[in-house]
Trainee: 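Below: one structure in structure tokens.
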Amino acid sequence: SQAYLTGASFLVITPAVMSQFIGMTGADGAGWVVWTPILNSAVSLTGILKGQTDMSMIGASVACTALLGTVFWIASLRLFSREQILNRS
């Protein structure tokens, strides 16, 4: 199953790696960064650690994460409510 999730792990790792370089380019306040999952959390956390708290960035980060969490939670509920998924061997 780990081999099947390799593509998903790259989707998570890529924005996390980008967060290391986003501060050097000055794009950490760009609008697309606010709505990019994982990258927005990393930039918000970096700002908090530097003492540059931006509540709109933190709010957007929490909202984006909550929205994605809700979407994937509903998708998993629908998948596991089907008997074919639960009973296959």
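Just so it is clear, the structure is predicted and the values come from calculations on it, not from any experiment. Both backbone and side-chain heavy atoms feed into the values below; hydrogens, waters and symmetry mates do not.
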Trainee: Going by side-chain contact (heavy atoms from CB on, under 4.5 Å), T36 matches just one of L39, V34, I38. Which one?
Mentor: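 The side-chain contact (heavy atoms from CB on, under 4.5 Å) with T36 is passed solely by L39 among L39, V34, I38.
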Trainee: Same hydrophobic cluster for F10 and L5, using side-chain heavy-atom links shorter than 4.5 Å among ILVMFWY?
Mentor: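 Different clusters.
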Trainee: Would a hydrophobic clustering, with Ile, Leu, Val, Met, Phe, Trp and Tyr connected at side-chain separations under 4.5 Å, put V43 with L45?
Mentor: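 No: no chain of side-chain contacts under 4.5 Å links V43 to L45.
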Trainee: Could you tell me whether a side-chain N or O of T14 sits under 3.5 Å from a main-chain N or O of L11, the two making a donor and an acceptor?
Mentor: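 Answer holds: no.
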Trainee: Going by atom type alone, with no hydrogens or angles, which donor-acceptor pairs under 3.5 Å involve a side-chain atom of residues 61-75 and a protein atom two or more places apart or on another chain?
Mentor:
from	atom 1	to	atom 2	distance (Å)
S61	OG	S41	OG	3.3
T65	OG1	S61	O	2.8
T70	OG1	A66	O	2.8

Trainee: Give the minimum heavy-atom separation between N40 and M57, together with the two atoms involved.
Mentor: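 In this case the closest contact between N40 and M57 is O-CE, 4.1 Å.
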Trainee: Taking side-chain contact (heavy atoms from CB on, under 4.5 Å) as the definition, give me every residue that meets it alongside V17, ordered by chain and number, with sequence neighbours left out.
Mentor: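 Once residues adjacent in sequence are excluded, the partners of V17 under the side-chain contact (heavy atoms from CB on, under 4.5 Å) criterion are I13, F21.
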